[in-house]
Number of protein chains: 2
Amino acid sequence: MVTHGEAGRARRLDPDIRREEILRCAVRLFGERPYAEVSTAEIAEAAGVTRGLIHHYFGTKRGIYLDVVRAMVLVPNLDEASGPADSVRERVEQSVGWFLDTVALHGGTYVAVTGPEGIAGDPEVERILAVADDIAARKILRAVGYGWDSTEHSPERAVLRAYCQLVKGTVREWLRSRSVTREQAYLLLTEALVAIVEDVLPAVSRYASPAGRELPRGH
Amino acid sequence: MVTHGEAGRARRLDPDIRREEILRCAVRLFGERPYAEVSTAEIAEAAGVTRGLIHHYFGTKRGIYLDVVRAMVLVPNLDEASGPADSVRERVEQSVGWFLDTVALHGGTYVAVTGPEGIAGDPEVERILAVADDIAARKILRAVGYGWDSTEHSPERAVLRAYCQLVKGTVREWLRSRSVTREQAYLLLTEALVAIVEDVLPAVSRYASPAGRELPRGH
DNA sequence: ACCCGCTATTGACACAGTGTCAACAGCCGG
DNA sequence: CCGGCTGTTGACACTGTGTCAATAGCGGGT
């Protein structure tokens, strides 16, 4: 069952290489099975090293999982998608199409990590996912023409972060349950985003910032 | 730190009562902290019993957590919301408004359980959440007039399940981050659902079932 | 080519938390 | 008052994580 046939002592490698190799195995395992059911011993065996080395490089099991999540969630880069497009709808369609193609590459692990089944139940994991959503939200805002200065706490960004949840849910229905086709997923995400951009964002921007109302004085 | 001042042996109670009491404590603890950081010993202490009793009633830690998730996720009952409404938009607005009010009651724990931070990484947990989403999806479909026979695998239901993710994400932005107001959340969920009902569902229904296309011959 | 130091890698240890189970003891009927 | 039923306990075994001094592979100096 050992991926690497190496039975004896592991070759002495450059730390970066070794770390990379271990991470690759961890990504695969955490994609196949939920967090609790993957032991550090298993990761070590898959990587052809001993358990001690895992902790040497990543500290704790949570530590290596955080790196796995980071690796999965920071891969997509929406910037590449922005081609020449005039209407909001065209830009939306380009972004959504590009995202679906990208996420299809990493398939299972992306779904497992972003969904509820892979998570360790750690605030740090939540933070990483939240940061990734916020980055995505900012990029989407820029892609659809709402590129002005929006703070992280602005309702515009918040709306787009919520939209990211719709995206994840849709990808799950597409890749895991296979209850919608890629075309149907594309349709759903496109129409929803168009509705958000055209109907929700303008109205939301007219409201005062909720933080500004509930916490009037700085502090 | 013991919630119940009872130091000595716990009173002999009716199993249903005891079970209920333990579950109440577990709901609170799992709402405050992520799964991994809550030990069975802690739940036992909070409930004023010993750890052995927890396992006696719920089998495993996972077992009690599953019951917590079930309790949280099956509370909302969308049927009550359907009042006299003519247009699709009115029905959508009623449903969304009712849901937001309901979920506000359970606040923290609902968000913790449905989001990625409370989960244990168990397929069973995923299944419970999926079932809850599917129930909600079916109810929404019925509420907005798509009440005909839709199988669990139908793209219509899948689209609504994905919408449930948007709902959760929005509730999180509202209750946890406080980056949107209830009105903004209401607006987002309403517009998105209207777009789904009016634009996405009709188009999705025209497509052939994805399972039918990708798995032409049964198995 | 040899040795030597650096450090990647190991194996054994300690510990926390879960799950099991026979024994105990509170409540109820006779 | 006593005997059983069963809710409840405490001790045990086990799995898996995290720590650390000891080991051994590789490169550089001579």
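Below, chains carry the letters A, B, ... as their sequence lines are ordered, and counting in each starts from 1.
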Please produce a list of atom pairs where a protein N or O lies less than 3.5 Å from an N or O of nucleotides 4-6 of chain D.
residue, atom, partner, partner atom, Å
D:dT6, O4', B:R12, NH2, 3.4
D:dT6, O2, B:R12, NH1, 3.1
D:dT6, O2, B:R12, NH2, 2.8

Mind calculating the distance between CG (A:D16) and C1' (C:dT9) to the nearest angstrom? 16 Å
Heavy-atom distance under 4.5 Å between the side chains of A:I196 and A:L201, does that happen here? yes
What is the distance, to the nearest angstrom, from the NZ atom on A:K61 to the P atom on D:dT15? 16 Å
Enumerate the residues from residues 50-57 of chain A whose closest heavy atom to DNA chain C is under 4.0 Å, giving them by residue number; use none for an empty result. A:T50, A:G52, A:L53, A:H56, A:Y57
Return the value, rounded to whole Å, for the distance between atom CG of B:L13 and atom P of C:dC28. 11 Å
Charged N to carboxylate O below 4.0 Å: is that the case for A:R24 and A:E20? no
Between the side chains of A:D14 and A:R19, is the shortest nitrogen-to-carboxylate-oxygen separation below 4.0 Å, so that they form an ion pair? no
Provide, to the nearest angstrom, the distance between the OH atom belonging to A:Y35 and the P atom belonging to D:dG16. 13 Å
Are the side chain of B:R33 and the backbone of B:E37 linked by a donor-acceptor contact shorter than 3.5 Å? yes
Could you state the atom-to-atom distance from CD1 of B:I17 to P of C:dC27 in whole Å? 15 Å
Report yes if at least one side-chain N or O of B:R11 is closer than 4.0 Å to OP1 or OP2 of C:dC27; otherwise report no. yes
A:Y35 ring centre to A:K61 NZ or CZ under 6.0 Å, with the angle to the axis within 45°? yes
Residues A:E173 and A:S179: side-chain donor-acceptor under 3.5 angstrom: yes
On a heavy-atom basis, which atom in A:I43 and which in A:L29 lie closest, and how many Å separate them? CA-CD1, 3.7 Å
Indicate whether OP1 or OP2 belonging to D:dT8 is found under 4.0 Å from a side-chain N or O atom of B:R18. yes
Salt bridge A:D133-A:R161, side-chain N to carboxylate O under 4.0 Å: no
Using atom CZ of B:R62 as one end and atom C1' of C:dG17 as the other, report the distance to the nearest whole Å. 17 Å
In whole angstrom, what separates B:E37's CD from D:dT17's P? 16 Å
Salt bridge or not between A:E45 and A:R51? Use side-chain N to carboxylate O under 4.0 Å. no
